[in-house]
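Step one of this worksheet: look at the structure below.
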Amino acid sequence: MTTAPRRALGALLLLFSFAPLYRLLNAEDDALRQASVDVAGTTLALAQTGTLTVLLLGVLLAFVLPRRVVLTRLTPLATAIRSGSVTRWAIGTGVLGAVLAAAINTFLFRGLYTNIDEISSFIHARYLAAGALAGPLPAGAEGWLIPNMLTVDAGWVSQFPPSHLLALAGGAAAGAPMLLGPVCFGVLAATTTLSLDRLIPDHPVPTRLTGVLVALSPFLLFLGAGGWSHVTAGAFLWLALYAALRARDGHPAWSMVAGAAIGLAVCSRPWISVLLGTTATLGAWLPAYRGVGWLSSRALGTFLGGLPFAIGLGLYNRALFGGATTLGYVAAFGERHGLGFHVDPWGNEYTALDALALTSGDVIVFGTQLLETPIPLGAVIGLSLLLARRMHKGAGLLLTWALVPIAANAVYWFHSTRMMYEAAPAWLALAVVAVVPLFQHIDPQAQPSAQAEPSAQDDPDDMPAAGHGPRPSRRLEAAGVG
């Protein structure tokens, strides 16, 4: 990405993080849309106040706290983070995330599902666990129907694709269905750590710190503690990215693992998984292109790995909903459930202006909820893109991964911050990489040195890097931060 588009993208993220574009939404006579406007308005007010407060405190601390003291305190921390193998860090972050999610599930959710998506999925999963494709239709079936379920020729089913349902069914058969969310969340944290270590190998501190933040993120934890289909899709997609990076660096057989993981994700959340699965593979392989044979072998492996799941999804759809490409969502709600700008299933016109307004609210609320920070993470990432002189390898893929769900959801009538679950680790990684250089590139003992001018063409697979001012701190650089 060249400098001008990168800075334009950074400015756009800043705009969406602070501008009240959500007010453009037509929320007349629609309580759900009005609630979206209210939540975005409240969040933006807190973000504006919080950002101003943090900036004022930062300026004050800059005068009060010597730089040498800050660097001295951070060096042992950086050394500790860098110590140990990445495998141990991945296991640690995975276990931490799984344990925290299980605790939330046990003590806060009390082992219960809290959303209609989870409830309808689990009802169907119990029949699958018993060996039935659908539940038997009771007398007066209309009295038993709940949202997101429907009756078909085969019986009583949910609208959701099969892989998440089968995972829930496996948990039910084992007597521990509530562990699915925490286990998948642990996999998400672990595969994030492993993937980032290969994507940004020269910067172990930011990548490992991102894994910890994934495991501690309130937004991710409270979703990961439940039974949403996001938890399985997120785990499979980040596993796919890790496998794609292994295929890039080593044997093409890893591409079959990537294909299988993408297939499982698509059978859980089709739209976003097709897009992020494509990002995982092509985003990892195209910048490392080593010839037609090299790329073809990995593409073939991905195809073969995903083919059984594509066939399985088609057979499942045909058996329940009458066509290999007919998803349960469309069978339940009709063509109004599809992508594009049209009247949605509830009778509201979804226009391009509504998409702009709802996307604005998504970016504001998601950027604040991810770590419950006073400054939206979208603003941190945007400022980094806007001001960075150059970028490190890895950011092209991360940035695409972070922004694809925003674009994908813009052409879909249903908006919620949970739709960003699968992209959240990429947002955290970009934010951490943007912030960490603030603590590394000033050495109180070093003299300012001349900096090379950035090239007119940045690497196509970049990430924001420190480059404004004196060289990195020798102590932090030795600890692996720089």
Side-chain angles (χ1 to χ4, degrees), residues 1 3 5-21 40 43-59 61-62 70 74 192 196 199-200 203 205-214 216-220 359-392 394-406 417 420 423-442 462-469 481-482:
M1 182 184 294
T3 301
R6 169 168 53 82
R7 289 177 176 170
L9 187 57
L12 195 61
L13 270 175
L14 279 171
L15 176 69
F16 270 79
S17 296
F18 286 117
L21 301 178
T43 304
L44 181 57
L46 292 172
Q48 290 171 337
T49 304
T51 299
L52 181 60
T53 302
V54 168
L55 291 176
L56 290 174
L57 286 174
V59 171
L61 289 174
V70 175
L74 286 177
T192 296
L196 293 178
L199 194 60
I200 321 170
H203 298 271
V205 172
T207 58
R208 296 181 182 190
L209 184 58
T210 298
V212 174
L213 291 179
V214 168
L216 296 177
S217 165
F219 173 84
L220 291 172
T359 299
S360 164
D362 291 344
V363 172
I364 291 170
V365 177
F366 172 73
T368 304
Q369 286 183 349
L370 197 49
L371 290 177
E372 296 297 337
T373 48
I375 301 179
L377 293 193
V380 175
I381 298 169
L383 191 63
S384 174
L385 293 172
L386 192 62
L387 299 181
R389 288 182 57 192
R390 62 184 179 85
M391 304 180 77
H392 295 304
L397 195 157
L398 277 178
L399 197 57
T400 303
W401 194 290
L403 299 181
V404 157
I406 294 178
T417 52
M420 295 291 293
W427 280 68
L428 288 171
L430 290 168
V432 170
V433 171
V435 170
V436 164
L438 299 178
F439 300 96
Q440 78 179 41
H441 72 268
I442 296 178
D462 313 337
M463 94 175 356
H468 305 288
V481 182

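Atom set for the values below is all heavy atoms of this structure, side chains included, hydrogens, waters and symmetry mates excluded.
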Legend entry - For the student: nearest non-hydrogen atoms of Ala424 and Leu220, plus distance: CB-CD2, 3.5 Å
Legend entry - Heavy-atom check, side chain of Gln369 versus side chain of Thr417, under 4.5 Å: yes
Inset, instruction - For residues Thr192 and Pro425, report the shortest heavy-atom separation together with the two atoms involved. - result: OG1-CB, 3.6 Å
Legend entry - Minimal non-hydrogen separation, Ser360 against Pro20, with atom names: OG-C, 4.5 Å
Legend entry - CA sep, side-chain torsions, deciding dist, call: Leu196, His203, side-chain contact (heavy atoms from CB on, under 4.5 Å): CA-CA 9 Å; Leu196 293 178; His203 298 271; over 6 Å; no
Legend entry - Side-chain touch Val212/Arg208, heavy atoms, less than 4.5 angstrom: no
Inset, instruction - Please confirm whether the backbone N or O of Pro376 pairs with a side-chain atom of Thr368, one donor and one acceptor, at under 3.5 Å? - result: no
Inset, instruction - Decide yes or no for Val365 and Leu44: does some side-chain heavy atom of the first lie under 4.5 Å from some side-chain heavy atom of the second? - result: no
With a 3.5 Å cut-off and sequence neighbours excluded, list the donor-acceptor pairs that the side chains of residues 427-434 form with protein atoms.
unit_1 : atom_1 : unit_2 : atom_2 : d
Trp427 : NE1    : Ala402 : O      : 2.8

Inset, instruction - Working to the nearest 0.5 Å, report the span between OG of Ser217 and CG of Leu370. - result: 4.5 Å
Legend entry - Audit row: Leu9, Leu399, side-chain contact (heavy atoms from CB on, under 4.5 Å) steps and yes/no: CA-CA 10 Å; Leu9 187 57; Leu399 197 57; 3.5 Å; yes
Inset, instruction - Looking only at non-hydrogen atoms, find the nearest pair between Leu13 and Gly378 and report the distance. - result: CB-O, 3.8 Å
Inset, instruction - Taking all non-hydrogen atoms of both residues into account, name the closest pair between Leu385 and Arg7 and its distance. - result: O-CG, 3.8 Å
Inset, instruction - Could you pull out the closest heavy-atom pair between Gly50 and Pro374, with the gap in Å? - result: CA-CB, 3.7 Å
Legend entry - Backbone N/O of Pro206 and side chain of Thr210: donor-acceptor pair under 3.5 Å: yes
Inset, instruction - Give, for atom CG of Leu46 and atom OG1 of Thr373, the distance between the pair rounded to the nearest 0.5 Å. - result: 11.5 Å
Inset, instruction - Evaluate the criterion side-chain contact (heavy atoms from CB on, under 4.5 Å) for residue pair Ile364 and Phe16; output intermediate values, then yes/no. - result: CA-CA 7 Å; Ile364 291 170; Phe16 270 79; over 6 Å; no
Inset, instruction - Could you tell me the separation between the CG atom of Leu387 and the CZ atom of Arg6, rounded to the nearest 0.5 Å? - result: 9.5 Å
Inset, instruction - Would you please name every residue forming a ring pair (Phe, Tyr, Trp, His ring centres under 6.0 Å) with Phe18, sequence neighbours left out? - result: none
Inset, instruction - Please report the C-alpha distance between Ile200 and Leu398 in whole Å, then the side-chain angles of each, then the deciding distance to 0.1 Å, and finally whether the side-chain contact (heavy atoms from CB on, under 4.5 Å) criterion is met. - result: CA-CA 10 Å; Ile200 321 170; Leu398 277 178; 3.9 Å; yes
Inset, instruction - Could you grab the distance from atom CZ of Phe219 to atom CE of Met420, nearest 0.5 Å is fine? - result: 7.5 Å
